[in-house]
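This is the structure I have questions about; it appears just below.
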Amino acid sequence: MKLAAVTNEVAPLTAPGTLDTILKAAVDHGITIFEARTVEAKRFPLLTGQAWDVLKGAKDKYGITYSAASAGNFIGMEVGSDMVDLHKGGLWDMSMDMAEKLSTNTLITFAPQRSANANTAELNQVVDLLGEVVDSAAARGINVQLENLPGTWADTSDACLALLEAVNRDSFGYVWDTGNLYEAENETFEAGFEKLKPFIRNVHLKDGQIIDGKMTWQHYGTGVTNVKGQIDALKAIGYDGTLALEAARIPHIEGDFEASLGYLRTIL
């Protein structure tokens with residue numbers, strides 16, 4: 001398994017000009033694979049020119065490679081929203097253009113929000129939408145990974161499985177985000193893993209527990225999502241992809257990344 005950092009999860013730095021410090025901090029800890037996501041408080045691909053130059057230049061400066069880029073497509077919008085067409089068109093096209101410039105062939109997408117009156121017709125619209133963006137990416141040699149998120153059409157393990165099977169493209173895989181699944185299901189990973197393991201192409205690693213009705217992110221090994229069990233399960237299927245460290249707590253403070261990375265290295 002290959003450890004990857006996320007651009008906004010290494011250090012609590014969001015001001016302009018801080019990206020280089022974040023990248024160097026991960027490199028100093030032996031990590032040179034990154035997922036491009038939020039950079040200096042702006043979500044990929046809508047970055048400032050200065051931050052974009054740093055992101056691109058890190059390939060040569062630090063030997064960094066990018067495992068994936070995540071633009072936050074379709075988060076917080078129902079499939080009938082006019083924002084969906086804007087994301088499917090302009091934002092997705094821009095994301096593909098910039099992913100190519102970062103030499104990554106993987107984009108992460110989300111599913112739209114499930115409406116209060118969700119039904120089979122709405123699900124079919126979501127399947128068609130995801131099929132469109134996957135096909136547009138595949139035409140350019142880019143793979144797409146679905147990330148689960150509470151409240152969306154990809155919130156629980158069963159919902160993710162239904163979408164992955166319905167879209168049914170070779171270039172469409174799954175980001176196994178165990179923390180987000182726990183927040184949606186209030187269950188540890190085992191049953192969902194058995195269903196989803198054929199589709200896993202990437203892993204987002206979190207730990208935490210629900211406290212006073214709210215998901216609270218914690219350092220690895222101190223929550224209840226069973227990080228060690230997740231790693232053991234991945235080892236058992238011979239998973240050799242990326243483990244993206246989502247180590248930031250709320251509030252994100254200095255030392256979060258280092259504490260969780262230290263624990264993770266004891267169980268790998």
Side-chain angles (χ1 to χ4, degrees), residues 1-15 17-40 44 47 51-70 99 101-108 143 145 147 173 175-179 189 200-208 217-223 225-268:
M1 287 177 269
K2 301 179 284 287
L3 298 186
V6 183
T7 48
N8 60 310
E9 298 267 353
V10 175
L13 301 173
T14 59
T18 55
L19 175 60
D20 187 73
T21 301
I22 290 170
L23 298 176
K24 186 177 184 303
V27 171
D28 287 346
H29 287 289
I31 297 177
T32 57
I33 302 173
F34 264 84
E35 179 182 306
R37 190 192 297 168
T38 302
V39 176
E40 297 176 1
F44 180 93
L47 313 181
W52 174 239
D53 288 342
V54 172
L55 203 66
K56 286 191 301 180
K59 292 187 295 178
D60 293 328
K61 184 175 182 180
Y62 296 119
I64 282 173
T65 58
Y66 295 98
S67 56
S70 176
K101 291 182 183 297
L102 291 179
S103 300
T104 182
N105 68 343
T106 302
L107 284 173
I108 292 171
N143 298 313
Q145 297 173 349
E147 182 174 347
V175 180
W176 190 42
D177 190 314
T178 51
F189 72 91
I200 295 173
R201 304 290 180 270
N202 187 1
V203 175
H204 283 179
L205 205 59
K206 298 187 182 80
D207 200 358
W217 305 118
Q218 298 172 281
H219 292 153
Y220 297 171
T222 64
T225 61
N226 189 6
V227 171
K228 185 179 185 305
Q230 294 160 30
I231 297 299
D232 289 343
L234 291 168
K235 288 178 180 177
I237 63 169
Y239 176 76
D240 61 358
T242 48
L243 287 175
L245 278 70
E246 294 192 308
R249 297 181 297 167
I250 300 175
H252 186 185
I253 62 172
E254 290 285 353
D256 284 348
F257 181 78
E258 290 79 3
S260 286
L261 175 61
Y263 172 78
L264 183 58
R265 283 182 163 150
T266 69
I267 61 174
L268 284 174

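Sequence positions, counted from 1, serve as the residue numbers for this chain.
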Whether E9 side chain and A244 backbone form a donor-acceptor pair below 3.5 Å: no
Quick one: ring-ring contact (aromatic ring centres under 6.0 Å, His included) partners of Y263, sequence neighbours excluded? none
Verify side-chain hydrogen bond (donor to acceptor under 3.5 Å, both in side chains) between D256 and H219, making sure each step is shown before the conclusion. CA-CA 7 Å; D256 284 348; H219 292 153; 3.0 Å; yes
Partner of V227 under side-chain contact (heavy atoms from CB on, under 4.5 Å), chosen from T178, L205, D232: L205
Output, in order, the C-alpha distance, side-chain angles, deciding distance and verdict of side chain to side chain contact (heavy atoms under 4.5 Å, CB included) for L243 and L268. CA-CA 11 Å; L243 287 175; L268 284 174; 3.8 Å; yes
Step-by-step side chain to side chain contact (heavy atoms under 4.5 Å, CB included) determination, Q230 to V203: CA-CA 10 Å; Q230 294 160 30; V203 175; 5.9 Å; no
Taking all non-hydrogen atoms of both residues, which atom of H204 and which atom of E35 are closest, and how far apart? NE2-OE1, 2.7 Å
Give the minimum heavy-atom separation between A99 and L107, together with the two atoms involved. CB-CD2, 4.0 Å
For I250 versus W217, what's the shortest heavy-atom pair and its separation? CD1-CD1, 4.0 Å
Quick one about Y62 and D20 (side-chain donor to acceptor, distance below 3.5 Å, no hydrogens or angles considered), yes or no? yes
Taking the inter-plane angle between the rings of W52 and F44 on a 0 to 90° scale, is it parallel (under 30°), tilted (30 to 60°) or perpendicular (over 60°)? tilted
Considering all heavy atoms, the nearest F189-A233 contact: CE1-CB, 3.8 Å
Passing option when F34 is tested against I64, T65, T104 for side-chain contact (heavy atoms from CB on, under 4.5 Å): I64
So for atom NZ, which belongs to K235, do other residues, nucleotides or ligands contribute more than 12 heavy atoms lying within a distance under 6.0 Å? yes
Evaluate whether atom NZ of K2 has more than 12 neighbouring non-hydrogen atoms of other residues, nucleotides or ligands under 6.0 angstrom away. yes
Taking S260 for its side chain and Y220 for its backbone only, find out whether a donor-acceptor pair lies under 3.5 Å. yes
Are there over 12 heavy-atom neighbours, none belonging to K59, within less than 6.0 Å of that residue's NZ? yes
Okay, side chain of D207, backbone of G221: is any donor-acceptor separation there less than 3.5 Å? yes
Under 3.5 Å: donor-acceptor pair, side chain of E40, backbone of T18: yes
Taking all heavy atoms of G223 and all of Q218, pick out the closest pair and write down the distance. CA-OE1, 3.3 Å
Between Y66 (side chain) and L55 (backbone), is there a donor-acceptor pair under 3.5 Å? yes
